[in-house]
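What follows is one structure encoded as structure tokens, with my remarks underneath.
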Amino acid sequence: MPGDGRGSSPAGEQQPPATCGFEAFFRRYDSSLRRYLYARGARGDVLEDAAQEAMLQALQYWKCLQDHPRPAAWLFTVGQAALPRRTE
């Protein structure tokens, strides 16, 4: 029904709100996660692997993560933990 806030398409098909679900979470945080990892020294394949691992874990724990009070902080912590330890 138009104007009911349910996000109906013109053809009358129900569409989920754009802000719901893992896909919206991914779109919102993927680039900031990658910038964060870059700032932590990750480059190339290391950066890609850590970002992919963090998002994979986010997907695996999505049921709990979507109610987390600070999902970005959780994601960045997981991404940083996925980076290899530096040996100096």
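Only this structure's heavy atoms are used, side chains among them; waters, hydrogens and symmetry mates stay out. The structure presented is a predicted model; accordingly, all values stated were derived computationally and were not measured.
What you find for Gly21 and Trp62 is that their closest heavy atoms are C-CZ2, 3.4 Å. Of all heavy-atom pairs between Ala54 and Val78, the closest is CA-CG1, 3.7 Å. Closest heavy-atom contact between Leu83 and Ala50: CD2-CB, 3.5 Å. Considering every non-hydrogen atom in both Val46 and Pro84, the closest pair reads CG1-CD, 3.6 Å. In plain terms, the two heavy atoms of Leu47 and Ala42 that are nearest each other are CD1-O, 3.4 Å. Nearest heavy-atom pair across Ala58 and Leu65 is CB-CD2, 3.6 Å.
Using a 4.5 Å heavy-atom threshold, the side chains of Gln66 and Phe25 count as separate. Between Trp74 and Gln57, some side-chain heavy-atom pair lies under the 4.5 Å cut-off. By the 4.5 Å heavy-atom criterion applied to side chains, His68 and Tyr61 are not counted as neighbours. The shortest side-chain heavy-atom distance between Tyr38 and Arg34 does not fall under the 4.5 Å cut-off.
Interatomic distance, CG of Leu75 versus OH of Tyr29, reported as 8.5 Å (0.5 Å rounding). Here the CE-CG distance, from Met55 to Leu33, works out to 5.5 Å after rounding to the nearest 0.5 Å. Rounding to the nearest 0.5 Å gives a distance of 7.5 Å between CD of Glu48 and CG of Asp45. The OG atom of Ser32 sits 8.5 Å away from atom CZ of Arg28, with the distance rounded to the nearest 0.5 Å.
Within 6.0 Å of CZ in Arg70 there are 12 or fewer heavy atoms belonging to other residues, nucleotides or ligands. Surrounding CD of Gln52 are at most 12 heavy atoms belonging to other residues, nucleotides or ligands under 6.0 Å away.
Clustering ILVMFWY residues whenever any of their side-chain heavy atoms sit less than 4.5 angstrom apart, transitively, puts Phe76 in the very cluster that holds Phe26.
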